[in-house]
Amino acid sequence: MTIPFIDLKAQYQALRPSIMERIERVLDHGQFIMGPEVKELEQRLADWTGAAHCVTVSSGTEALLISLMALGIGAGDEVITTPFSFIATAEIIALAGATPVFVDIEPDTCNMNPDLIEARITARTRAIMPVSLYGQPCDMDEINALAERHGLTVIEDAAQSLGSLYGDRKSGHLSRIGCTSFFPSKPLGCYGDGGALFTDDDEIARACREIRVHGQSERYVHTRIGVGGRMDTLQCAILLAKLERFDWEIGQRIAKGEYYNRLLDEAGIERVRQRQGRTSVFAQYTVMSDDRDRVIAALKEAGVPTAIHYPVPMNEQPAYRHFDEGHETPVARSLARRVFSLPMSADIDEAQQRDIVAALVRAVSDG
Ligand SMILES: *Cc1c(COP(=O)(O)O)cnc(C)c1O
């Protein structure tokens, strides 16, 4: 058995004619930067999420950075975030010149624990940046209410959760700003780097559009300091083709994730839990084991690839340890040693899932 960790080939086969047609159209018109597909994608994604504005940018990382820049967050400011995410989340806070302040996670969802946030708010806190990890929105009502009470902005890192719902609202449009990534392996992935941010706030949207092109408000008038942060026309064109199948893929991801849930619960294997009233798009399907190294080695032997999201909490990384020193996040530390993710994509089939879980059960019981 050899199963890809993420299967993008079936998607490509299904969408090939549309993708090719879209690419060819861009090659014909030749507007590779800020071509018509950029606006078209932004309009489609704004309509789809319900946000007043969608601004495409060169990556998910850049979306997070541009959000902080648009809010004027920098030196002397603190931004509250989770220790358990891809490094970009803490990285851009530091890159903006601000200090990341870490709040430990919930042991079952691996998302930021809202009960621990208030104790970490100081006079310097400007924003809360929760991550909707593994595709499941975090506790946005609690986080938004806290932010409201303290006059803070919430920026949802929705890099893994585009397509999931919180009540009837879409992830990415659950707070003042939402950021997402179109990295190829994300739920909505292009064929290179890309990202977007969503907001209902006209002023923030305008600032983000300017920052994306070197802080330019009109040609050669640089109203603010910006970055080179545009998303290519070609990548936007590819996403427009991929949107044709995205709603179906979301349904598949939810069904496949729930099927894993059922198989693993029957086998008594610990897994990430989902909360009532929201959906997960299972950007990663993640389980836990106290004997992780041995279990993933046995799975590899059986032809089942795994990945670890994430082996070290961000606040324990060499370049980040000095921020927020002395504040421990024991739940993140423990989970960083125990989590690993199984193959997952919209096109995985149930027979493959049964084989994977059978191999996992064998690996666990051999210990
Ligand atoms: C992927 C990811 C990012 C960064 O996105 P890029 O497009 O790779 O820059 C940020 N945050 C989280 C949680 C991610 O998973």
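The figures that follow rest on heavy atoms only: side chains count, while hydrogens, waters and symmetry mates do not. Atoms within a ligand are numbered from 1 in the order they appear, just like the ligands themselves.
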- request: Sort out for me which residue in T279, D108, N261 forms a side chain to side chain donor-acceptor pair (under 3.5 Å) with Q274.
  value: N261
statement: Correct closest heavy-atom pair for H327 and N315 would be O-ND2, 4.2 Å
Return a table of N or O atom pairs, ligand 1 on one side and protein on the other, at distances under 3.5 Å, rounded to 0.1 Å.
{"from": "ligand 1", "atom 1": "5 (O)", "to": "S181", "atom 2": "OG", "distance (Å)": "3.3"}
{"from": "ligand 1", "atom 1": "7 (O)", "to": "G60", "atom 2": "N", "distance (Å)": "2.8"}
{"from": "ligand 1", "atom 1": "7 (O)", "to": "S181", "atom 2": "OG", "distance (Å)": "2.6"}
{"from": "ligand 1", "atom 1": "9 (O)", "to": "G60", "atom 2": "N", "distance (Å)": "3.4"}
{"from": "ligand 1", "atom 1": "9 (O)", "to": "T61", "atom 2": "N", "distance (Å)": "2.9"}
{"from": "ligand 1", "atom 1": "9 (O)", "to": "T61", "atom 2": "OG1", "distance (Å)": "2.5"}
{"from": "ligand 1", "atom 1": "11 (N)", "to": "D157", "atom 2": "OD1", "distance (Å)": "3.3"}
{"from": "ligand 1", "atom 1": "11 (N)", "to": "D157", "atom 2": "OD2", "distance (Å)": "2.7"}
{"from": "ligand 1", "atom 1": "15 (O)", "to": "Q160", "atom 2": "NE2", "distance (Å)": "2.8"}
{"from": "ligand 1", "atom 1": "15 (O)", "to": "K186", "atom 2": "NZ", "distance (Å)": "2.6"}

query: Would you call R253-E249 a salt bridge at under 4.0 Å N-O?
result: no
task: Please state whether the rings of F86 and Y310 are parallel, tilted or perpendicular, taking 30° and 60° as the class boundaries.
output: tilted
- line: The remaining residues in the hydrophobic cluster of F246, counting side-chain heavy-atom contacts under 4.5 Å among Ile, Leu, Val, Met, Phe, Trp and Tyr, are L41, L45, W48, L162, F182, L188, F198, M231, L239, L240, L243, I250, I254, V281
task: Decide, yes or no, whether a salt bridge links R149 with E118 under the criterion of side-chain N to carboxylate O below 4.0 Å.
output: yes
